[in-house]
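Treat the numbers as computed from the prediction; the structure is a model and nothing was measured. Computation of the quantities below employed the complete heavy-atom set of this structure, encompassing side-chain atoms and omitting hydrogens, waters and symmetry-equivalent molecules. In the text below, chain A, chain B and the rest are named by the order of the sequence lines, each starting its count at 1.
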Amino acid sequence: MGNEGTYPYLLLLWLLPLAGAIVNWAFGPQLKRAAGPLGSAFVGVSFIATVLMWGAATQGVPGGAIGAHQSLFSWIPGFDFGLLMDPLSLLWTLIITGVGFLIHVYSIGYMDGDKAFARFFAYLNFFVFAMLTLVLSDNFVGLLVGWGLVGLASYFLIGFWFFKPSAVAAARKAFVINVAGDVGIMFAIFMIFASVHSIAYGDAFAFTSYPSGWLFAICLCLFIGAAAKSAQIPLHTWLPDAMEGPTPVSALIHAATMVTAGVYLVARCAPLWSHDANAQLLVGTIGALTALVGAILGCGQWDIKRILAYSTMSQIGYMIMGVGVGAYEGGVAHFFTHAFFKAQLFLGSGIIIHALNNEQDVRRMGGLRAKLPFAFWAMLTGVVAISGIPFLGAGFFSKDLIIQGALEHGHPIMYAVGIVTAGITAYYMCRMLFITFLGNYRGNVDPSELGIRHPELAGTPAHEEDDAHESHGRAPAWLMNVPVAILMVPTVLIGWLMFGGENSPWAHFFAQTFPHETMAAPAPVSEMFTAVIVFVCVIIGIAVAWMRYGAAPAAENAVERLRVESVRMPAVLTNAFYFDAALDWIFVRASQLLGTLFGRFLDPQVIDGAVRETVFSAQWLGTLVRSFQTGLMRTYAFLIAIGATIFMIYYALAAGGVK
Amino acid sequence: MTVNVTNADWSAVAPLAIVAVTALVVLLADLLSPKNVNRYAAIVIALLGLLVAGFVDYGQFRTGGDYAAFGGAFILGGFSTVFESIILLAAIGSVALMGAIGRDDRFAGTIALLLWSTSGAMLMAGAGNLMTVFLGLELLSLALYCLCGMAERPAARESALKYLILSSMASAFLVYGMGLLFGASGSVALADLTNPALASSPIFWVGAGMFLVGIAFKLSLVPFHAWAPDVYEGAPLPVTAFMSVATKAATLAVLARVIYAALPAGIGDKLLLPIWIVAAISMIAGNVGMLAQHDLKRLIAYSGIAQVGYILAALAGGTPMGLRYAIYYLAAYTFMNLGAFAVAAMISGDREEGTRLANYRGMSRRHPVAAAMMTFFLLAMAGLPPTAGFLGKILILSASVNAGYAWLGIVLIVGTAISLYAYAKVIRAMYQRDEHAHVSEAHVSVPLAWASAVVCFVFVIAMTFYPHTPSNILPLVK
Amino acid sequence: MDPMSVPVADYVGLSAVIFFIGVAGVIVRRNPLIMLMSIELMFNAANLLFIAFSRAWLHNAGHIFAFLIITVAAAEAAIGLAIVVTVFRTARHVDVDDVALMKG
Amino acid sequence: MIAFWILAVIMLGSAIWCISSSKPVYSVVALLLHFAALAAMYLTLHAEFLAVIQLIVYSGAILILFLFVIALLSSGVAPFSAGPNKLPRIGIPAVALLLVALGFLTYAVNHAAATVASATTSTTSQLGAVGQAGVFGSVADFGKALFTTYLLPFEVTALVLMVAVIGVILLAGDATPYVASRKQAAEVRREMREAIVRGGE
Amino acid sequence: MLVLALILLPIVVGLIMLVMPSRDENPVLAKSIGTVVAAITFVLALGSKDSEFSYQWLSRPFQAALHFGAGSISYWIVLLLAVCTFSAILATNLPRARAFIGHMLILEGAMMGVFLAKDLLAFALFWDVMLLPVFFVLLGWGEHPATAWRYFVYNFAGGLALLMATAAFGILFGSTDVIGRPDVHVIGAWVPWIFVGFAFAFLVKTPVWPLHTWMPLTYSDTPAPMVAVVSAVQSKAGLYGLIVIGMAFMPDYLKAYGGVFVVLGVISLLYGALTALIQNDAKRVVAYSSLSHLGLIIVAIASFNPIALQGAVIYIIAHGLFSAGIFITLGYVEEREETRSLVRLGGLGASNPKLAGALCIAALAALGLPGLAGFVGEIVILTGVFQAGYTWPAILALIPIVLAAAYMLRLFQGIMNGPQVEDLPVRKDLGWLEGIALAPIVLALVVLGVNPHALTTFDPAAYNATHVNQGVATR
């Protein structure tokens, strides 16, 4: 796949962020504030290199399809490594470097004045490198390497403020769950290697004679990885906690790029999935479920970043559903649009949080429209896009593709779920928007009146804010606004790429990428119809949100209403359907119990005790022998006599024997 | 039958004669020399005499002719010379440690007794008939009875008494057995014990049994071992050093000569089975006996019990290889023991603090080199590489396995495992770090003791990497 | 040669009995002197054996051996008595059971 | 024949008396009797020289030595009132075992006669009447063998005696009072106990 | 000849340092001498690829030679040993440094002998010698002497078994000069027992459940520099022996008992990981983690799969590197904070970023982070194991990887992250010497993690090939 060759641009765009990371890590203290621009520059150049690479990849490929492959080195026979640039990886690379660059620039402003300014950019660059490794690798092990490295980067960035116990815990949780995912991919690799004797995508996909059941097993294991990385049920619990990290991190890693790696993986392995209906069904179902659950949970959150986190989870659920059921273009398209608008939403919320000194609880906001008009418009466009209001935002097009695709591939239930979820999405996004920007500012209201029971659970506790940021606002505001402004453009417009069905530029771009299985039956309803239904649901959602939070009466006594809602919030929502508790009991507590049993009892008492006993028994034997040593001569004489007697008996008998 | 004695006969016994005469010279020198130097004069003369004897002995070994002197009473050969040399080594080693023993006015006599007992042991090494065996043994033992009592401690006298009575009892068994053997064979010559008719003679069997009882006592094999720990502990350090090697070496020489050359063909396995069994018991009992001992000499007594068991394991089956390996291990054992005693003597005062293991605690701080050497010798006894003890054990193992006595080899392995633990306890004491251990520490360090310790160290190492087992050592009786 | 009037086996049996009487003496008596005497008994039993057999064989090696044994026994007795004296010179009662410093 | 049995009975009786008498002096007397009977039995076995030696050396020298020592040790102290017996019940099993052993031994040697009788005799000299010269067991016969065939053992006896002489001199010269050394003994014992305690097991 | 220098140079220097009179301690001098010697040893080791030395030692009771030479596996282990010793000595900062460094050097030389030996007897000989320095260091520097005795009892039991098995081998087959000879392949009635003897020694040393209880105590009591070398290299002696002796000469029996080995290995994997999860002593966490990791290698060897073997060799080196790194770092932590308790420690990373970085990389390698050496070993091993048909072991072996992430992060975060602990002293960050000590290890971890191709030069076929059965020159 792809034509072999040496592509300097490829290596350049791949390794530049690494160089940036190393430079920032090694010379951080010397660089001081220059670290930010430097780090951004590395990624920016990498983006340019990507664009150039795009051109280079199209050269000399029949049909202008993109495909470039460069082999690097090999560990042992069968474990050969290389880089692959095809439409899929190109798309991801563009997002990673492009959106990544913008977020870098944003971070210069956002992280300005932080003690570990340079370290932050080192991590950020390192993440970009890791993500590029993930998407550019031409084999599963390379993918796994990238997979693990992005996990590490996210670990570092979530726990960036490592003096916060909550951040540390969140980071560890995220990492461990992701390692569980890695393990899944590892096992898939075992099965692939055992049957194909190679780890390259090409061989694995070209190979047809997998043992019966293995294909499903492989897909399942791969999807475990995907689910862990993309926060799919039930491995999603790390994502909301991951919001402990700085907001740009959430924007880049936990919205735009890393969490969509699962989508990439499934899309990349489309040939495998398209051969196994069960796997498709599984993935699609999980995706749909995640979308729904994420959306529902999104309705019950007060922390602005957690709301966005659950929405991310839900949106990725969409994507997974799309690629799962076989609507690969749709899923990938939603990743594409989502990258823009979700990044924008996060960055917008970042502006708010930044302005309110790390206040993240929407209940203590309100009426910010006047204070932060730019943020308002940024959020507004984002919400419009994510809610999928026809033709006004990118989200509409991609989401529509997925929902329609689900139906086309014969999954009506997922279809329904998709539509309902779209409505809920509109509801909770608008809820966030209205609570935040309409009404009056509630930041000066006493938390208890707002029903905030545990302020420390929401956002950064006030007392640690000094550790994080010595001073705000030294960096010019445009540093944060410009990237958001730039992002607005694709947020609004990019969806048109997907307009036009078969002959849209999007479909053309992916013409040779994905397998096209023939539909069992043409979709019962037309795409237009779907769009209408979705639109209706969305409108309902928005209306409800407006009535509850936006309308004048609601805005009047917002404090009281919010308090009531907080207090009345069903436990199921506040505890996020008890996923956390379940995982904790099933895995964490269980293994700790076993560990205690082994370490505190079995080791010292049983095993070691046995050995000690043998040693003591030797000593006991010693005392036995020495007990003959009474010191009395006559005892010794007696011993001799006994011995002699025994000798005599033996020899007398022996003599009798020989006679 | 009459024998006419020629010079050849006398030169055959030259080494032990030289030793015996040296004793007289020592006594004379003591009478003539002034009081303040006689101690060292005695030591120097004794060492010179022993060295000369050693050279003569080595010469005999090189010329290597086998010769039955005095009508077969003493049989010169590679066998006798090798054992004689080992005994001489023991004598040299212990004379070197004698610096601080006893009272001045009895010193020369002590040395003389040691030399005579040496000559007795050498006589046993070459003994060709029952009389010389008996006389050699008695000469060795009688002198040792006296030597044990040579210290100013009640323990010494007690050990002398115990040794005297028990050993005499054993000698009585031995000599009674000899009587029966004489009755069975009608001759006192070991050569006539090969008479096949004896294989079916009950007197012969019973006589051999009592003879072996005496031998087993001298080898301190369980259950005839009980005297050894007490006697070793009570006797003065150099005497113990000598006893622990010379007695065993000489007795082993007699036993080996009987096993290899003085039995009717074909009954060896059956006749000697009890010896192998007690050897096996000794390997285990000796090693477990070492646990929780508080005196070095006592510890070495127990270890000696086990070591003799190892050596017998090599002799089991009576293969020529076995004898060579046994001699190799005996030599290794000699050096290990003498080395350990030399180190103990280094740190001993007039009351032999150096043998009380309590005084070894934290020794690595006070005398690092001595501690290191002691560690080395103990590890050698335990049979850890890279020491001759290690190689010797492997040789013995091979011998016993090849001779069809694998079970002895297995017992050896078990015993070694136990002994490791026992020796390690001493080492542990030496390397314990408790500064507040108030031990009565005498800083007497005899230069000769140092010298012999170093020599033993060198030999134990050298024997490991140049393992030479003399080849022309098969014993003869005629 | 004329046969012995008494079969040698009887001499052997007699000497065996005496020998073991000596052994018993060593074990049961607590007086070192009597222990030494018992040992003398044992040696003499051996002597009897030698002489009886040398008569049976008409071979005087037995006589020589007996002579040696007598000599050694004498020496042994002398040394033994000396040691006993040094140990028990001023003891209240002469009892080997009191001589048990070293044990274990 | 008769002589043998008489002598045998005397020897056995005196031996048992020797080891069983409560006073060592009686034991010495019993031993004297035993040796005398033994000497007589030597004569019946044509060992005239040894019979004489037996009387001279044993009865004349060794037993006198014993008497001296008894006198020396019992001087001024209660004569051998047996102290507390440290192992009271050892005698019976001991004797029992020994009798068992004895039984086996005699069983074995009862088969011996044939062996010896049938063995080819390697005689050195003719048997003759006791006191006759040059016959088996005579002094001349004995001496010839001693100085030719068995020269080495004979020489070694010299060493043995020398050792005895020197050893006795060295040992008996010791004048350390035992009481004092008993204190010393207690001290040593205490030291050892402390050592064990400190040795920390 | 070069290999002889490799062995003797450290031992001789170490002995000299030991017997020097204990007055006028000069730790700096001792440390520099030790470092220089270790550095020289490393340079020699680099060049020892095809150097060989042989001296006929025994002709009776069997042929034995002091025969040393670097094989395809041992070359890398020797390099690892040299590096670890260098770093460890450089990182030493203890009372009575002279004696300690003397022990370190003796340990290095002895282990050189073990890994370079081409003669079973020499192997066994140096095996026992290599136990002594650790034993004495435990006695002299450890916290409780009881630990030293536990170490002694377990390992000398193993060493004894090894000696006896070697002797039996030589006695039965006439020669022990066989390591690395492809034509040797023994069968016979006694061979199972010989194999068991070898296996016992190897499994105790590795260690493998249930023979491991000496190990956590030893690792936590031994001073960090030495335990770094012990866990990094000494624990590999058993695996090395299993490959070059068990697999090379007695493949039939290794195959026959393969199931047992796999089971023990898997149990060790899970047992170690689970137990590491709840330890509060930082060093014990690592100790149990290496129980887990080495169990993986046992499984790899027992699986008899070429790929797994490749992985095993890679992982042997990788584990050596990261465990040495972690232990040395923990040593630094202990020096600074005077405690190892994860309960008390915390927040060190703020004041010691370099230290945190070093520990971080080592810990990440230990938890098998892709891109570092540990990952390569794990994935290659498990791929091979799975390919060999051991499906369930492969599946079970994946669980500890997740657990490893948990306990290694617990270790790292417990020490470096979280709020600063007030009552702990705040000391300065890594000095440049300490940095140099850690640099080679960290560097090697990264390089080998990216491309371990160099490590895969040896040919597994040479070890598990099935030749015609034949004894050595039979007597």
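- Using a 4.5 Å cut-off between heavy atoms, B:Leu24 touches chain D through its side chain atoms alone.
- With a 4.5 angstrom heavy-atom cutoff, B:Leu142 touches chain D via backbone and side-chain atoms both.
- D:Phe154 and D:Phe147 have perpendicular rings, their planes meeting at more than 60° on a 0 to 90° scale where under 30° would count as parallel.
- Of the atoms belonging to B:Ser119, it is side-chain heavy atoms, and not backbone ones, that fall under 4.5 Å from chain D.
- The part of B:Leu27 that comes within reach of chain D is its side chain, from C-beta onward, which places non-hydrogen atoms under 4.5 angstrom from that chain.
- Side-chain polar atoms of B:Tyr67 and B:Asp9 form a donor-acceptor pair below 3.5 angstrom.
- Heavy atoms of B:Ala143 lying under 4.5 Å from chain D belong to its backbone as well as its side chain.
- By the 4.5 Å heavy-atom criterion applied to side chains, B:Leu291 and B:Tyr421 are counted as neighbours.
- Between B:Trp10 and B:Phe70, the gap from one ring centroid to the other is short of 6.0 Å.
- Between the side chains of D:Ser138 and D:Asp141, not a single donor N or O lies within less than 3.5 Å of an accepting N or O.
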